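To start, the structure itself, in structure tokens.
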Amino acid sequence: MENEKRIGLLRVLDPAHECPGYWERFRAEIMERAAFELARRRDLARESVELVLSGWSRSLIPAALAAAVIAAIMVGSEAVRDPGPDASLVLEDVLASDFSDEVLETAITGEAHASPVAFMAFVEGNRP
Amino acid sequence: MRERSDAELVIRARSGHTESFGELVRRYQQPAFSIALSVIGRHQDAEDAVQESFMVALQRLEDCRNPDRFAGWFLTIVRNRSRNLIRRESLRSGDPIPASASNAGPNPEKAASLAELRESLQEALKKLSEVQREIVLLHDLEGWKHSEIADRLGMPSGTVRSHLHFARKALRVELSGWRDHVTAS
């Protein structure tokens, strides 16, 4: 009870005791004074984001270009060094390895060349 | 909607988020006023000190290294600004009632009586130590709990209780003549 009375007395020290809406107005005054600094901070934050992004683009784009050029050079040099087997030539060599040049010439230039069936029949007929 | 923590508000306010800074002002303007009043003892100067403190805090938000502890950090600014204000200026001898409240009284008699009561309270509070004034105002005027005061002023909870006990005891003696006034009004 004693405490409640004293707390009641202390309420007189609160400016809102006599002036309802006092703290809302007080806050509005502070916010008005803070407006410039808050705006400055917003600008700074936006600039920071732009700086980060432009920093990334400055370093990433050249890096990506360099990587592309290096990749192109590597692929090119690899192709020159090792052209790789020509599948069709290899197959022909395997198929023709058992036959004499004479038989092969006839097979390629003669009637046997007209159709796959005739070719196979000729080749099988001349297998050593 | 979930209430944002002080830390979240501080971090957003650093980027210029107006609503977040506004919420910090809403949360701490009254405790800050109590602290300033306990140091300075006059309403108008306490208001100035609180306004200045919010401006300083906003400009130095990056210095608040632990945003979770914003309250303690900010109230220290308030206390220091208030002490600086006392040192810097010889306090005005005018009406301690805020100008905005001067014509708000229900009638001249009651307004005069309230002014007298306010003066007596301020005289009584002057007899306490600064820390006792802070604690009694934060507890009895702002409704902060012992643990909140201890946490935000950075002192043990037992010390807060002890200060509060002695402050109340002293105020009880000083304000004994006003008890009837409160009961009657």
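Computed from a predicted model, the values in this text were never measured in an experiment. Labels below follow one simple rule: chain letters A, B, ... track the order of the sequence lines, proteins then strands, and each chain is numbered from 1.
Within a 6.0 Å sphere centred on CD of A:E32, heavy atoms belonging to other residues, nucleotides or ligands number 12 at most. By the 6.0 Å contact criterion, CZ on A:R42 is enclosed, its count of non-hydrogen atoms from other residues, nucleotides or ligands being greater than 12.
A chain of hydrophobic side-chain contacts below 4.5 Å, direct or via other Ile, Leu, Val, Met, Phe, Trp or Tyr residues, connects B:V78 to B:M55. Residues B:V131 and B:L128 are members of one and the same hydrophobic cluster, defined by side-chain heavy-atom contacts under 4.5 angstrom among Ile, Leu, Val, Met, Phe, Trp and Tyr. Cluster annotation: B:L75 and B:L164 are assigned to the same hydrophobic cluster (Ile/Leu/Val/Met/Phe/Trp/Tyr, side-chain heavy-atom contacts under 4.5 Å, transitive). Criterion: ILVMFWY side-chain heavy atoms under 4.5 Å apart, direct or through other members. Under it, B:V56 and B:L61 are part of a common hydrophobic cluster.
Between the side chains of A:R46 and B:S15, no donor-acceptor pair of N or O atoms lies under 3.5 Å.
Residues of residues 147-161 of chain B lying under 4.5 angstrom from chain A, judged on non-hydrogen atoms, do not exist here.
Every ring pair (Phe, Tyr, Trp, His ring centres under 6.0 Å) that B:H146 has, sequence neighbours left out, goes to B:H139. The ring pair (Phe, Tyr, Trp, His ring centres under 6.0 Å) test applied to B:F74 returns B:F54, B:F70, not counting sequence neighbours. Taking the side chain to side chain donor-acceptor pair (under 3.5 Å) definition, one finds that B:S34 meets it with B:E142, sequence neighbours left out.
In this structure, CD in B:E52 is found 6.5 Å from CZ in A:R33, a value given to the nearest 0.5 Å. Between atom CG of residue A:L10 and atom CZ of residue B:R118 there is a gap of 12.0 Å, rounded to the nearest 0.5 Å. For the atom pair CD (B:E47) and CD (A:E29), the distance works out to 7.5 Å, reported to the nearest 0.5 Å. In this structure, A:Y22 OH and B:Q30 CD are separated by 9.5 Å, a value rounded to the nearest 0.5 Å.
Remark: side-chain polar atoms of B:H43 are paired, donor with acceptor, to backbone N or O of A:L13 under 3.5 angstrom. Judged purely by atom type and a 3.5 angstrom limit, A:R41 uses its side chain to pair as donor or acceptor with the backbone of B:L58. At distances below 3.5 Å, not a single donor-acceptor pair connects side-chain atoms of B:Q59 with backbone N or O atoms of A:E37. For the pair A:R11 (side chain) and B:L141 (backbone), a donor-acceptor distance under 3.5 Å is present.
Contacts between B:L137 and chain A at a heavy-atom distance below 4.5 Å involve the side chain alone, from C-beta outward. B:A46 does not touch chain A: none of its heavy atoms, backbone or side chain, sits under 4.5 Å away.
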Worked verdict on B:V50 versus A:F26 for side-chain contact (heavy atoms from CB on, under 4.5 Å): CA-CA 10 Å; B:V50 172; A:F26 188 74; 3.7 Å; yes
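Taking 4.5 Å as the limit, every side-chain heavy atom of B:H17 sits out of range of all side-chain heavy atoms of A:L38. Using a 4.5 Å cut-off on side-chain heavy atoms (C-beta onward), B:F33 and A:W23 make contact.
Listed here is the closest heavy atom pair of A:M31 and B:T18: CE-O, 3.4 Å.
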